[in-house]
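These notes concern the structure reproduced below.
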Amino acid sequence: MPFPSTPDSPRAGLVDGVAPPAGEALRAALLDHLAPAAGEWLEAALDEGADREAAFAVAARRVGREPLPGTGLPAADAARILLLTAAAPDAATVTRLYQQGDAAERRAVLHALPQLPVGADAVPLVEDALRANDNRLIAAAVGRYAARHLDAHQWRHAVLKCVFTGVPLTAVAGLTDRADAELARMLEDFAAERRAAGRPVPDDVARALALTPHPQES
């Protein structure tokens, strides 16, 4: 079944180095990496009129899971992001793909969200990923879509989840812009608890605190 789509959905690539490349940059990198037969399959799957949802389901078998140099993604994840971006599915379809997908398919959905015409309707998917214990899923959840659509409370807890699970804060989009005194208080409390328990404090805590105003300054 083809993806339902919105004709004038956004196509811009992800920026600021907080998420994998997308758009033409990702397509070029993937095609350069793939063997000719896999590249031909991808080009056909991306053509207008192709059954991109069927292609999404078989992407791993057709392009493989090897790391795609320079992107931080497996090849199959990159192919799925491209298919989603080309199809621009509606929020209901995106939700179904996420809920029915395995971890890799869920990552692709999360990475593609900033480019899809779903508004805030996909926030529950980000919330679900942030409840997981899969670091790659968490990292995919804290990109530009989360920075744009999570409220302040949700976003601060997403940052703390990254620190707690060891997801590098370089994965968090909008950290410089959204870091505030309340986040600083939460990070300082976390660091104090770790020290009291004789456990090391992740280096990212200090890096994040350097971006936040002191709680007394707010």
Side-chain angles (χ1 to χ4, degrees), residues 1-90 93-118 122 125-126 129 132-145 166-168 170-171 173:
M1 178 178 65
F3 291 120
S5 63
T6 300
D8 57 350
S9 61
R11 292 293 193 273
L14 304 180
V15 295
D16 298 333
V18 297
E24 290 304 315
L26 184 60
R27 182 172 183 159
L30 184 55
L31 287 172
D32 185 61
H33 170 78
L34 294 177
E40 290 172 6
W41 173 86
L42 179 64
E43 292 278 37
L46 291 172
D47 279 348
E48 187 174 357
D51 188 345
R52 294 167 178 147
E53 186 166 351
F56 183 91
V58 301
R61 294 202 300 272
R62 301 308 296 261
V63 305
R65 297 182 176 87
E66 297 81 9
L68 181 60
T71 69
L73 293 170
D77 288 32
R80 292 185 181 111
I81 293 168
L82 290 170
L83 289 162
L84 286 167
T85 304
D90 58 25
T93 303
V94 170
T95 298
R96 175 171 53 78
L97 290 172
Y98 178 91
Q99 291 175 341
Q100 295 179 353
D102 60 19
E105 290 166 342
R106 292 184 173 199
R107 286 197 308 268
V109 169
L110 293 166
H111 280 308
L113 285 180
Q115 302 175 92
L116 302 182
V118 296
L125 308 186
V126 174
N133 293 316
D134 181 335
N135 280 15
R136 290 194 296 173
L137 200 62
I138 295 167
V142 293
R144 284 201 303 150
Y145 183 86
V167 172
T170 51

Do Pro89 and Glu53 have side chains that approach each other closer than 4.5 Å (heavy atoms only, starting at C-beta)? no
Distance check, rounded to the nearest 0.5 Å: Arg106 atom CZ versus Leu97 atom CG? 11.0 Å
Determine, stepwise, if the pair Val109 / Leu116 fulfils side chain to side chain contact (heavy atoms under 4.5 Å, CB included). CA-CA 9 Å; Val109 169; Leu116 302 182; 5.7 Å; no
Is the side chain of Tyr145 donor-acceptor paired with the backbone N or O of Ala122 at a distance under 3.5 Å, no angle test? yes
Stepwise side chain to side chain contact (heavy atoms under 4.5 Å, CB included) check, Leu46 with Leu83: CA-CA 6 Å; Leu46 291 172; Leu83 289 162; 3.8 Å; yes
Search all heavy atoms of Pro69 against all heavy atoms of His33 and return the closest pair with its distance. CD-ND1, 3.8 Å
Where do Gly23 and Leu82 come nearest, in terms of heavy atoms and distance? O-CD2, 3.6 Å
Close side-chain approach of Leu113 and Tyr98, heavy atoms under 4.5 Å: no
Report yes if the side chains of Leu26 and Leu68 come closer than 4.5 Å at any heavy-atom pair, otherwise no. yes
N-O pairing of Arg62 and Glu40 below 4.0 Å: no
What's the shortest heavy-atom distance between Leu137 and Ala103, and which atoms? CD1-O, 4.0 Å
When every non-hydrogen atom of Val167 is compared with those of Ala171, the smallest separation belongs to CG1-CB, 4.2 Å
Which atom of Arg80 lies closest to which atom of Ala104, heavy atoms considered: NH1-CB, 3.8 Å
Of all heavy-atom pairs between Gln115 and Ile81, which one has the smallest distance, and what is that distance? NE2-CG2, 4.3 Å
Taking the side chain as everything from C-beta on, heavy atoms only, tell me whether His111 gets closer than 4.5 Å to Leu84. no
To the nearest 0.5 Å, what is the distance between CG (Leu110) and CG (Leu125)? 6.5 Å
